[in-house]
Number of protein chains: 2
Amino acid sequence: MDQIPKLVTDLLMPGREGGYAKGYETRELIVRTALHILIEEGYRAMSMRRIAAACGMRLGNLTYHYPTREDLLRELLNAVISSYEAEFATIVHAPGVPPEERLARVCGLIIEDIGSKKTTRLFPELWALANHDAFVYERVHELYDRARAPLVEIIAEMRPDLAEPARLDLALFISASMEGLTVFAGYRMPFAERLPIVERIAIRSFIDIVRSFSPAG
Amino acid sequence: MDQIPKLVTDLLMPGREGGYAKGYETRELIVRTALHILIEEGYRAMSMRRIAAACGMRLGNLTYHYPTREDLLRELLNAVISSYEAEFATIVHAPGVPPEERLARVCGLIIEDIGSKKTTRLFPELWALANHDAFVYERVHELYDRARAPLVEIIAEMRPDLAEPARLDLALFISASMEGLTVFAGYRMPFAERLPIVERIAIRSFIDIVRSFSPAG
DNA sequence: TCCAATTTAGGACAGTTGACAATTTTATGC
DNA sequence: GCATAAAATTGTCAACTGTCCTAAATTGGA
């Protein structure tokens with residue numbers, strides 16, 4: 001039973017499939033349901049009929065809102081990217097909070113997210129899609145760009161002495177390493193055991209790299 | 001134009017699709033062709049008819065050798081794992097070569113492999129499959145087990161003072177980090193620019209971690 | 001040469017897929 | 001109440017999927 005609903009997870013319905021609460025816009029319900037199926041059962045299972053059934057509507061109605069499967073996939077990616085960006089924005093632009101604290105919050109959020117089952121299932125799916133779909137490729141890359149941005153921003157505020165390429169490289173490394181943990185986290189360990197290890201590894205690598213860029217060392 | 005054919009790449013045909021050289025066993029040709037399609041076009045395109053056509057044979061003939069799609073997928077995974085294991089074995093058990101040199105060779109092989117287009121395409125595909133297929137999940141995990149094993153073995157030879165959990169953790173970290181680079185490497189950079197960056201990041205993280213485990217630091 | 005096993009061919013099956021069209025139902029504004 | 005637009009239904013289409021089947025061809029060994 002995974003906890004800590006964050007980022008992508010927030011996009012998902014609180015209830016179970018078919019029993020979603022009323023009040024959502026139809027198109028929003030469709031996107032959320034599609035994302036839910038994508039994470040739980042994979043892209044192959046995310047067929048138009050499957051989505052329509054899970055939404056409690058007919059196939060023709062679904063194709064009315066999203067004429068093609070690709071249209072739906074695009075809006076799904078937009079929703080995922082927006083949810084990440086919104087989450088980061090509230091942290092980065094928190095007035096009065098010192099940069100060290102904001103950096104810790106961003107890293108904590110990323111670590112939590114990487115440790116969650118939702119993320120470890122969603123992203124391999126997106127990577128596989130991106131391999132053979134130019135649009136998905138661009139959108140996933142854009143997501144990473146936007147995920148690195150807050151790190152770069154806060155670090156630049158903390159350490160104005162760091163040269164531009166160094167900062168970029170640092171952010172890239174952290175991002176890349178943590179993505180590896182996305183895969184690693186999905187294997188063999190239940191969530192309770194997984195999270196501390198992911199935290200330790202990610203934080204240690206982060207500290208090491210920051211240290212290697214400092215003028216003293 | 002990617003270079004450095006290693007590991008998985010060695011499993012692929014030298015020629016183009018449909019023009020494979022004679023002499024391969026039929027079953028081997030099928031597996032290689034399926035792997036080729038999986039990498040180039042993704043799992044969705046890897047249908048029985050598509051494979052048969054690419055092999056220059058009829059569908060019925062393909063299903064004679066591999067009655068079900070799952071049978072073929074299993075042998076494909078076995079072939080991938082075997083190719084990695086064979087490559088590692090020749091390096092690790094090279095007689096007369098000092099452990100430092102063997103470690104460098106293993107790392108170099110992994111870095112080359114991660115930097116190759118074949119790997120950055122194949123593994124996201126396998127991860128996505130593993131999310132919803134218990135057999136693929138187990139096999140991919142076994143592959144990582146066997147990929148970490150030579151690192152652990154050589155490091156244990158070099159540094160008998162390292163405690164068992166520390167060594168495992170070290171190997172895990174390297175493996176996990178580098179898998180992140182698999183994703184990262186696939187984005188935005190041509191191979192020529194990609195490889196030096198991947199090398200620098202991977203090697204630096206490796207050195208940092210080894211250093212953090214040493215008694216001196 | 002002949003036999004048996006292996007290999008190939010060709011077709012058929014039931015099921016699923018994305019997309020589309022014609023229709024009815026529901027909601028909205030005047 | 002009515003006209004207009006939005007939403008949902010129902011049915012259909014060709015294309016594709018994995019699997020299975022039978023018959024023909026090929027091969028290798030006795």
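Chain A is the first sequence line, chain B the second, and so forth, proteins listed ahead of strands; every chain is numbered from 1. Quick caveat: nothing in here was measured; it's all calculated off a predicted structure. These numbers come from the heavy atoms of this one structure, side chains and all, not from hydrogens, waters or symmetry mates.
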Where protein sits on nucleotides 5-12 of chain C, one letter per nucleotide: B base, S sugar-phosphate only, - none, heavy atoms under 4.0 Å: -SBBSB-B

For R102(B), all residues meeting salt bridge (Lys or Arg N to Asp or Glu O under 4.0 Å), sequence neighbours excluded: E157(B)

Interatomic distance, R44(A) CZ vs dG18(C) C1' [rounded to whole Å]: 15 Å

Separation of dT17(C) P from L62(A) CG (nearest whole Å): 13 Å

Opening and closing nucleotides of DNA chain D in contact with chain A, under 4.0 Å to non-hydrogen atoms: dA6(D) to dT12(D)

Set of residues satisfying side chain to side chain donor-acceptor pair (under 3.5 Å) with respect to D71(B), sequence neighbours excluded: T68(B)

Heavy-atom closest pair, residues P99(A) and I154(A): O-CG2, 3.4 Å

Pairing of E28(B) and R32(B) as salt bridge, 4.0 angstrom limit: yes

Contacts of R58(B) that satisfy side chain to side chain contact (heavy atoms under 4.5 Å, CB included) - sequence neighbours left out: none

Throw together a table of side-chain donor-acceptor distances under 3.5 angstrom for residues 75-82 of chain B, partners on residues two or more places apart or in other chains.
| unit_1 | atom_1 | unit_2 | atom_2 | d |
| --- | --- | --- | --- | --- |
| E75(B) | OE1 | R27(B) | NH2 | 2.9 |
| E75(B) | OE2 | R27(B) | NH2 | 3.3 |
| E75(B) | OE2 | Y66(B) | OH | 2.8 |
| N78(B) | OD1 | R139(B) | NE | 3.2 |
| N78(B) | OD1 | R139(B) | NH2 | 2.2 |
| N78(B) | ND2 | R74(B) | O | 3.4 |
| S82(B) | OG | N78(B) | O | 2.8 |

Value rounded to 0.5 Å, distance of CD in E101(A) from CD1 in I91(A): 9.5 Å

Donor-acceptor pair, side chain of H132(B) and main chain of I39(A), under 3.5 angstrom: yes

